[in-house]
Asks: 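Take this structure first; my questions come after.
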Amino acid sequence: MWTRYVVIAVWILAAGPIPGTLAQTKTPGKTVWSGVYAAEQAARGEEPYKARCARCHGAALEGTEGNGLAGRDFMERWREDTMQGLFEFVSENMPYARPGQGRPLIGIPTYLDIVAFILSKNDFPAGTFPLSVEGLDDIQIQYKDGPRPLPNGALVRISGCLTGAGQDWSITAANDPVKTRTSDTTDYPEFKAAEDAPAGTRTYKLFNLGFLSSKFKPENFTGARLMVKGNLIRQADSMRISVLGVRKIGNTCP
Ligand code: HEC
């Protein structure tokens with residue numbers, strides 16, 4: 001009886017804040033509003049932006065062949081991610097070109113200048129120090145009023161304990177969903193972040209486990225600590241993950 005009350009209490013606590021779930025709460029957080037680039041760096045980025053990016057993204061970042069890189073479009077794509085994610089995407093994929101070209105196509109300092117220019121066009125304030133490759137991971141991209149709930153369907157990572165049987169599997173003692181860019185589970189820094197994440201109080205129902213290789217048998221991982229990647233589906237009273245990738249973090253949990 002006693003345990004049942006505890007379970008219900010935990011369920012209520014976990015269910016309460018779901019509609020407003022925050023993506024990731026890194027404290028104390030630096031954000032794009034903290035002055036993370038220098039004004040002269042952004043000014044320096046204008047010319048290479050015009051030469052290498054404007055053709056597809058517009059001279060005023062309004063978007064032509066490629067997406068707009070300022071305002072709402074930009075924020076909706078990048079919010080709740082870090083500058084690391086944005087910088088990696090740009091330096092590994094832009095200027096957009098057929099695969100097979102060596103990357104990066106432009107020197108890293110110039111990429112930093114260009115990204116600083118994009119930040120300035122999004123009205124994020126300049127600060128004392130230039131944007132540099134160190135610490136990009138600690139800068140959250142978010143609206144001025146703070147993080148907002150991740151939209152339904154967002155690609156996320158969670159970590160927690162696998163519980164269940166038959167067709168019915170959940171991850172319990174899990175943390176808040178963290179936005180991710182790929183369903184690949186082999187990226188080491190990301191795996192490490194999942195490993196280091198403290199146990200939480202959330203429960204996620206897993207579905208589409210059949211998507212994984214038939215080699216993945218959840219029975220073999222009962223009670224293990226897993227990192228799960230997939231699309232977040234938020235429902236009135238629960239959160240689900242449509243699973244795209246799973247990796248074991250530890251044999252015991254939490
Ligand atoms: C030949 C056209 C082309 C050029 C040149 C180009 N891009 Fe792109 N860019 C695209 C396309 C197409 C996409 C969408 C691809 C995707 O999302 O995977 C894109 C996506 C992006 C995105 C993500 C979209 C978003 O909403 O934020 C960013 C950021 C970006 N480009 C920055 C740059 C920067 C910086 C440069 C210059 C160094 C550049 N691009 C040059 C075509 C281009």
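Just so you know, these numbers use all the heavy atoms, side chains as well, and skip hydrogens, waters and symmetry mates.
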Asks: Determine whether Met83 and Val115 satisfy the following criterion, side-chain contact (heavy atoms from CB on, under 4.5 Å), listing intermediate values before the conclusion.
Replies: CA-CA 9 Å; Met83 282 304 295; Val115 168; 3.5 Å; yes
Asks: So, for Val32 and Phe124, which heavy atoms are closest and what is the spacing to 0.1 Å?
Replies: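 Distance-wise, the nearest heavy atoms are O-CB, 3.3 Å.
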Asks: Measuring only between side-chain heavy atoms, which start at C-beta, is Glu88 closer than 4.5 Å to Leu136?
Replies: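 No, every pair of side-chain atoms sits at 4.5 Å or beyond.
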Asks: For Ala126, check side-chain contact (heavy atoms from CB on, under 4.5 Å) against everything at least two apart and list the hits.
Replies: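 Only Tyr37, Ala39 meet the side-chain contact (heavy atoms from CB on, under 4.5 Å) criterion with Ala126.
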Asks: Do Tyr143 and Glu80 get their side chains close enough for a donor-acceptor pair, meaning under 3.5 Å?
Replies: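 No, no side-chain donor-acceptor contact under 3.5 Å.
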Asks: A side-chain contact here means heavy atoms from C-beta on lying under 4.5 Å apart; do Pro130 and Leu112 qualify?
Replies: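 Result no, sub-4.5 Å side-chain heavy-atom pair not found.
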Asks: Determine which pairs satisfy side-chain hydrogen bond (donor to acceptor under 3.5 Å, both in side chains) with at least one residue from residues 105-134, sequence neighbours left out, and list them in order.
Replies: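 Every side-chain hydrogen bond (donor to acceptor under 3.5 Å, both in side chains) pair that includes a residue of residues 105-134, provided the two are not neighbours, is Arg44-Asp113.
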Asks: Which residues pass the ring-ring contact (aromatic ring centres under 6.0 Å, His included) test with Phe117, not counting sequence neighbours?
Replies: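 In terms of ring-ring contact (aromatic ring centres under 6.0 Å, His included), with neighbours along the sequence ignored, Phe117 is linked to Tyr49.
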Asks: Would you please name every residue forming a ring-ring contact (aromatic ring centres under 6.0 Å, His included) with Trp169, sequence neighbours left out?
Replies: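 Scan of Trp169 (ring-ring contact (aromatic ring centres under 6.0 Å, His included), adjacent residues dropped) gives none.
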Asks: Nearest 0.5 angstrom please: Arg157 CZ to Ile241 CD1, how far?
Replies: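 Here the rounded value is 11.5 Å.
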Asks: For the CG atom of Asn231 and the CG atom of Leu155, what is their distance to the nearest 0.5 Å?
Replies: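 Nearest 0.5 Å value for the CG-CG distance: 5.5 Å.
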Asks: What pairs of residues pass the side-chain hydrogen bond (donor to acceptor under 3.5 Å, both in side chains) test when at least one of them lies in residues 60-75, not counting sequence neighbours?
Replies: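 Qualifying pairs, neighbours excluded: none.
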Asks: Tell me which pairs pass disulfide bond (SG atoms under 2.5 Å apart) where either residue lies in residues 177-241, with sequence neighbours left out.
Replies: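 The answer is none; no pair qualifies.
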Asks: Any non-hydrogen side-chain atom of Pro189 less than 4.5 Å from a side-chain atom of Gln84?
Replies: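 No, every pair of side-chain atoms sits at 4.5 Å or beyond.
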Asks: What pairs of donor and acceptor atoms, side-chain ones from residues 220-229 against any protein atom, are under 3.5 angstrom apart with sequence neighbours left out?
Replies:
from	atom 1	to	atom 2	distance (Å)
Thr222	OG1	Glu219	O	3.0
Arg225	NH1	Glu195	O	3.0
Arg225	NH2	Ala194	O	3.3
Arg225	NH2	Ala197	O	2.7
Lys229	NZ	Thr182	O	2.7
Lys229	NZ	Asp184	O	2.5
Lys229	NZ	Glu190	OE1	2.6

Asks: Please test Asp187 against Thr180 for side-chain contact (heavy atoms from CB on, under 4.5 Å), starting from the C-alpha separation and ending with a verdict.
Replies: CA-CA 11 Å; Asp187 180 62; Thr180 182; over 6 Å; no
Asks: First locate atom CG of Leu119, then atom CG of Leu69, and finally report the distance between them rounded to the nearest 0.5 Å.
Replies: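 One finds 11.0 Å between CG of Leu119 and CG of Leu69.
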Asks: Mind listing the closest non-hydrogen atom pair of Pro95 and Arg52 along with its distance?
Replies: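 For Pro95 and Arg52, the tightest heavy-atom pair comes out as CB-O, 3.6 Å.
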Asks: Any side-chain heavy-atom pair from Val133 and Ile108 closer than 4.5 angstrom?
Replies: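 Yes, their side chains come closer than 4.5 Å.
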Asks: Would you check if Thr82 and Phe87 make a side-chain contact, meaning some heavy-atom pair closer than 4.5 Å?
Replies: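 Not in contact.
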Asks: With a 3.5 Å distance limit and no angle check, can you tell me whether Arg181 reaches the backbone of Asp81 through a side-chain donor-acceptor pair?
Replies: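 Side chain of Arg181 to backbone of Asp81, a donor-acceptor pair under 3.5 Å: no, none is there.
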Asks: I need the Ile171 CD1 to Thr163 OG1 distance, nearest 0.5 Å.
Replies: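 With rounding to 0.5 Å, CD1 (Ile171) is 6.5 Å from OG1 (Thr163).
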Asks: Just verifying a value: how many Å separate Cys53 SG and Tyr96 OH, rounded to the nearest 0.5 Å?
Replies: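 Cys53 SG to Tyr96 OH: 15.0 Å, rounded to 0.5 Å.
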Asks: Do the side chain of Gln235 and the main chain of Arg240 share a donor and acceptor less than 3.5 angstrom apart?
Replies: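 It does not hold such a pair.
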Asks: Going by disulfide bond (SG atoms under 2.5 Å apart), name the pairs with one or both residues in residues 204-251, residues two or more places apart or in two chains.
Replies: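 Qualifying pairs: none.
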Asks: Could you list the donor-acceptor pairs under 3.5 angstrom formed by side chains in residues 243-252, with sequence neighbours left out?
Replies:
from	atom 1	to	atom 2	distance (Å)
Arg247	NH1	Thr185	O	2.9
Lys248	NZ	Asn251	OD1	2.7

Asks: Test: disulfide bond (SG atoms under 2.5 Å apart). Region: residues 179-254. Which pairs qualify, not counting sequence neighbours?
Replies: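 Only Cys161-Cys253 qualify under disulfide bond (SG atoms under 2.5 Å apart).
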Asks: Would the distance check show the side chain of Trp33 and the main-chain N or O of Gln142 forming a donor-acceptor pair, the cut-off being under 3.5 Å?
Replies: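 Checking the backbone N and O of Gln142 against the side chain of Trp33, a donor-acceptor pair under 3.5 Å is found.
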Asks: If you define the side chain from C-beta out and look only at heavy atoms, does anything of Ile118 sit under 4.5 Å from Phe74?
Replies: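 Sidechains of Phe74 and Ile118: in contact.
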Asks: What's in the same ILVMFWY side-chain cluster as Ile233, cut-off under 4.5 Å, chained through other members?
Replies: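 So far as hydrophobic clustering goes, Ile233 is joined with Phe207.
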Asks: Kindly write out the residues that satisfy ring-ring contact (aromatic ring centres under 6.0 Å, His included) with Phe89, not counting sequence neighbours, or none if the list is empty.
Replies: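 Listed in chain order: Trp78.
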Asks: Any side-chain to backbone donor/acceptor pair from Asn175 onto Gly200? Under 3.5 Å, distance only.
Replies: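 Checked: no pair found.
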Asks: Do Val178 and Phe191 sit in the same hydrophobic cluster, where Ile, Leu, Val, Met, Phe, Trp and Tyr count as joined when their side-chain heavy atoms come under 4.5 Å apart?
Replies: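 In one cluster with Val178: Phe191, no.
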Asks: Once you round to the nearest 0.5 Å, how far does CG of Leu86 lie from CD1 of Ile139?
Replies: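 Reported to 0.5 Å precision, the distance equals 10.5 Å.
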